[in-house]
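Notes follow once the structure below has been shown.
Treat the numbers as computed from the prediction; the structure is a model and nothing was measured. Residue numbers start from 1 in every chain, and the chains themselves are labelled A, B, ... in the order their sequence lines are given, proteins ahead of strands.
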Amino acid sequence: MGSPEVSARDSDDRPGNGAPVEVRNAHRRFGDRPALQGVDLRLRRAEIYGMLGPNGAGKTTLVRAICGRLALDSGSVRITGADPRREPTVRRQLGIVPQEIALYLELTVGENLEILGRLAGVARRDLAASVDSALRWTGLEDRRRDRVSTLSGGMQRRLNIAAGTLHGPEVLLLDEPTVGVDPAAREKIHELLRDLRDRGLAILLTTHDLEQAESLSDRIGILVNGRIRAEGSPESLVRSAFGDARELIVSLSLDPDDRGRAALQREGLTAAREDRIWTGALDGGFESLSELGRRLSESGLKVGEVRVREPGLRGVFFRTAGEELDE
Amino acid sequence: MSTAVFRAMLLGLLRDRAALAMSFILPGLVFLIFAAIFSGATGEQLRLEVAVADGIRSSTSVRLIEALGREPSLRLIGDRDLTAERVRELVRRGTADVGLIFREGTSLESLGGFGPAPLILVSDPARGAAVPMLAGQVQRAYFSALPDVALGGVIELLENEFLELDDDQQRDVELGLADLREEAMEAVEQGRVSGWGFQELFEREDVAGRSARHNHVAYYAGAIAVLFLLFSAVHGAITLLEESESGLIDRILAGPGHMGVLINGKFLFLVAQGFMQIAVIFVLAWAIHGIDLPGHLLPWALTTLTASAAAAGMALVVATACRTRRQAQTLSNVAILILSALGGSMVPRFLMPDLLQQIGWITPNTWAIEAYTAIFWRDQAVGTLIVPWIVLAASAILGLVVARRLARRMEVL
């Protein structure tokens with residue numbers, strides 16, 4: 001792999017060597033539409049940062065700004081202390097794993113690693129060792145001479161990640177790394193990502209997969225309308241959203257009218273998905289549920305189901321980004 | 001890093017059988033078809049199909065028709081009893097290229113007077129060239145196979161206008177013309193030119209000592225080569241947009257690589273691919289049609305190199321100017337077909353009107369074809385190739401520079 005072994009999280013602020021990624025007050029508009037409205041983000045070494053957000057929240061814009069491929073209207077981006085637009089050489093510290101299988105499908109596994117390694121800046125003399133190491137790391141040694149198009153979806157995803165780390169970057173930007181793979185393959189990919197984290201990489205994971213973000217991320221940011229609305233470890237986010245309360249989910253049989261919607265909001269509930277699923281926190285005991293049901297029915301709502309569960313990231317996400325989610 | 005891009009493109013081509021066939025088999029096949037068609041349409045083997053109606057029915061008209069029937073460049077169709085109307089119908093239907101009607105009530109013997117012409121040429125405007133060809137053959141046959149008639153007509157004209165022959169002179173002329181007729185008829189039957197007759201006005205001399213067939217093969221080798229060169233170059237350049245859609249470019253740009261590296265690598269590959277593609281066509285032209293490739297290897301190689309580079313530059317401009325593969329495909333198809341039509345890859349330039357020939361100079365096809373024909377057809381000195389080489393090389397460099405500039409749009413959003 002050849003990636004630098006940086007394990008101490010408190011080494012971020014060493015003089016002359018800034019945090020792997022630091023975004024300050026980033027603003028960017030596309031015409032009238034604001035894409036980023038004051039984003040602050042600081043990635044630490046040896047951590048996985050899960051970036052959640054509904055479609056159009058600004059995730060792609062943020063990642064492109066970090067790569068130095070998009071100019072900000074105001075604010076700054078620093079990769080290990082340097083501006084990636086002014087000092088393109090600092091981009092060597094970045095590895096990127098796109099959501100698509102960004103590989104040459106008709107070339108073999110080995111050929112892909114060799115070619116993408118060279119394009120990522122691996123010196124010719126180090127290439128063979130880097131490729132061998134990546135093959136061992138991903139468990140694809142015996143598929144070296146097979147064309148990528150013949151690999152399973154999980155193997156292609158592993159290779160997609162390996163190709164982004166051949167040059168030993170300090171920062172890895174991943175976009176939906178497990179789309180379309182089965183649970184076993186997904187777990188294998190999670191192991192690879194944790195391994196990279198343990199080697200000291202700062203990993204920014206943009207995903208819609210809440211379970212993945214919760215199980216993998218050391219910290220999570222929820223980006224909504226170009227702003228980070230919530231940030232912290234999964235546990236701290238859940239705690240700040242729900243405290244000691246449980247998560248309450250109300251499913252309606254019919255779409256609520258304005259009166260019903262006002263009643264749901266009075267109960268502290270937020271539309272999670274569509275207009276029929278509302279979530280909130282249950283502060284009291286279970287006995288308060290029947291009282292809640294009665295009040296909602298009196299407001300003309302047709303309640304199909306009321307559920308109570310231990311709160312998780314899903315609840316936090318829907319409470320934070322609920323009204324911005326797509327139908 | 002550009003070599004890595006080159007390698008990726010080379011391996012991609014080798015693994016893509018359809019692209020391989022499109023690049024190296026199809027052009028050769030199309031060239032062989034075109035060469036077969038056009039090497040047989042040079043005029044050397046052309047035989048005009050002529051429908052004849054003899055409304056005069058004199059011994060002279062019969063002799064003239066017989067003489068025309070022995071002309072190797074003509075084939076008389078239908079029987080000897082065709083009517084004038086039937087001849088017109090055969091021409092209208094396209095069964096005959098041209099019709100020849102001996103007008104009833106006229107004579108071939110008399111050259112004076114103001115009466116209607118004794119011969120009518122019936123033509124279809126779409127086959128306009130057939131008329132002068134037949135007219136020439138009829139005149140030739142008239143003077144070579146019927147010298148007695150032609151000379152008799154001249155004497156009659158002289159007698160009418162300038163002098164009067166006495167009886168003895170009259171008799172001598174008649175005897176002389178009778179001898180001449182006998183000898184001419186004998187000569188026609190034996191398939192030779194009459195010992196007495198009018199001197200041939202023309203003698204044919206071919207330049208460069210080569211056949212027209214050979215020259216047309218040389219023309220089409222260049223023309224087809226450039227047409228497919230453009231298609232393959234665009235096909236290869238469009239991989240840039242595929243790589244953009246698959247996220248490969250995002251991956252490369254996140255590192256130290258930049259679009260210039262990608263464009264350079266692709267340019268080098270497209271030049272090499274184009275060179276090989278043209279080589280296949282010219283090797284076929286050499287092996288099957290006898291083009292002297294080994295004797296002109298160096299000028300051919302330089303022309304091929306600069307033409308491939310020009311096509312690569314143009315293709316990369318198309319790929320970088322478009323946002324999607326579909327857009328690039330449509331734009332390039334339109335551009336290539338227009339450039340090839342104007343540039344002489346479809347119809348030979350020498351058949352085009354002057355204006356179109358002038359417009360053709362803006363296309364890479366014209367410059368490349370001109371260079372190839374200068375080498376293999378006109379056998380011109382290397383000095384005449386310098387301008388085409390400079391133009392092709394300059395357009396290659398311009399294309400590369402423009403493509404690199406346009407590619408910056410993919411780099412910075």
Side-chain angles (χ1 to χ4, degrees), chain A residues 28 30 35 60-61 63-71 79 84-85 88-108 110-112 114-124 127 147-149 160-161 163-169 171-173 175-176, chain B residues 1-23 235-236 238-269 320 323-325 404 406-413:
Chain A
R28 171 70 199 236
F30 293 107
T60 306
T61 308
V63 168
R64 284 182 168 162
I66 291 171
C67 292
R69 292 185 57 200
L70 186 125
I79 308 292
R85 287 180 68 77
T89 50
V90 79
R91 293 194 210 160
R92 283 177 188 273
Q93 302 305 333
L94 293 175
I96 188 162
V97 181
Q99 181 178 344
E100 300 81 9
I101 302 297
L103 301 166
Y104 295 103
L105 298 183
E106 292 313 313
L107 269 57
T108 66
E111 288 163 350
N112 263 282
E114 285 162 15
I115 287 167
L116 293 173
R118 284 292 295 143
L119 289 172
V122 177
R124 212 179 283 275
L127 192 61
R147 292 190 193 186
V148 173
S149 57
N160 208 26
I161 295 171
T165 57
L166 279 165
H167 57 300
V171 179
L172 187 65
L173 308 171
D175 189 5
E176 302 283 3
Chain B
M1 275 193 261
S2 290
T3 53
V5 178
F6 186 100
R7 187 177 168 213
M9 292 205 62
L10 177 63
L11 291 170
L13 176 68
L14 294 176
R15 308 263 160 84
D16 184 348
R17 284 184 196 162
L20 263 183
M22 169 83 186
S23 298
H235 184 80
I238 283 177
T239 54
L240 195 70
L241 293 163
E242 291 169 10
E243 287 161 6
S244 171
E245 285 164 19
S246 76
L248 258 165
I249 287 189
D250 284 340
R251 160 169 279 159
I252 293 165
L253 292 180
H258 51 85
M259 287 306 290
V261 169
L262 263 180
I263 299 287
N264 289 352
K266 286 189 188 292
F267 180 80
L268 288 175
F269 172 78
T320 48
R323 301 262 178 202
T324 64
R325 207 170 2 161
R404 285 186 59 136
L406 288 171
R408 290 274 304 157
R409 292 186 316 180
M410 288 182 180
E411 205 163 292
V412 181
L413 303 164

Practice task
State the OG1-CZ distance between A:Thr108 and B:Arg15, to the nearest 0.5 angstrom.
Solution key: 6.0 Å

Practice task
Look up atom CD1 in A:Ile96 and atom CG in B:Leu248, then write down how far apart they are to the nearest 0.5 Å.
Solution key: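 Those atoms lie 11.5 Å apart.
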
Is any side-chain heavy atom of [Y] closer than 4.5 Å to one of [X]?
X: B:Arg7; Y: A:Glu111; value: yes
X: B:Asp250; Y: A:Gln99; value: no
X: A:Glu106; Y: B:Leu11; value: no

Part of [X] lying under 4.5 Å from any heavy atom of chain B:
X: A:Leu94; result: both
X: A:Ala163; result: both
X: A:Val97; result: both
X: A:Asp175; result: neither
X: A:Leu103; result: both

Exercise for the section: Name the option with the most non-hydrogen atom pairs under 4.5 Å to chain B; the candidates are A:Arg118, A:Glu114, A:Glu100, A:Arg124. Expected result: A:Glu100

Exercise for the section: Can you tell which part of B:Thr239 gets under 4.5 Å to a heavy atom of chain A, answering side chain, backbone, both or neither? Expected result: neither

Handout entry: Part of B:Glu245 lying under 4.5 Å from any heavy atom of chain A
Key =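 The backbone, not the side chain.
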
Exercise for the section: Pick whichever of B:Gly265, B:Gly12, B:Ala4 has the most heavy-atom pairs under 4.5 Å with chain A. Expected result: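 The candidate making the most pairs under 4.5 Å is B:Ala4.
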
Handout entry: B:Arg251 side-chain N/O to A:Pro98 backbone N/O, donor-acceptor pair under 3.5 Å
Key = no

Problem - A:Ala102 to B:Gly247 - nearest heavy-atom pair and separation - result: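 Looking at all heavy atoms of both residues, the closest pair is CB-C, 3.6 Å.
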
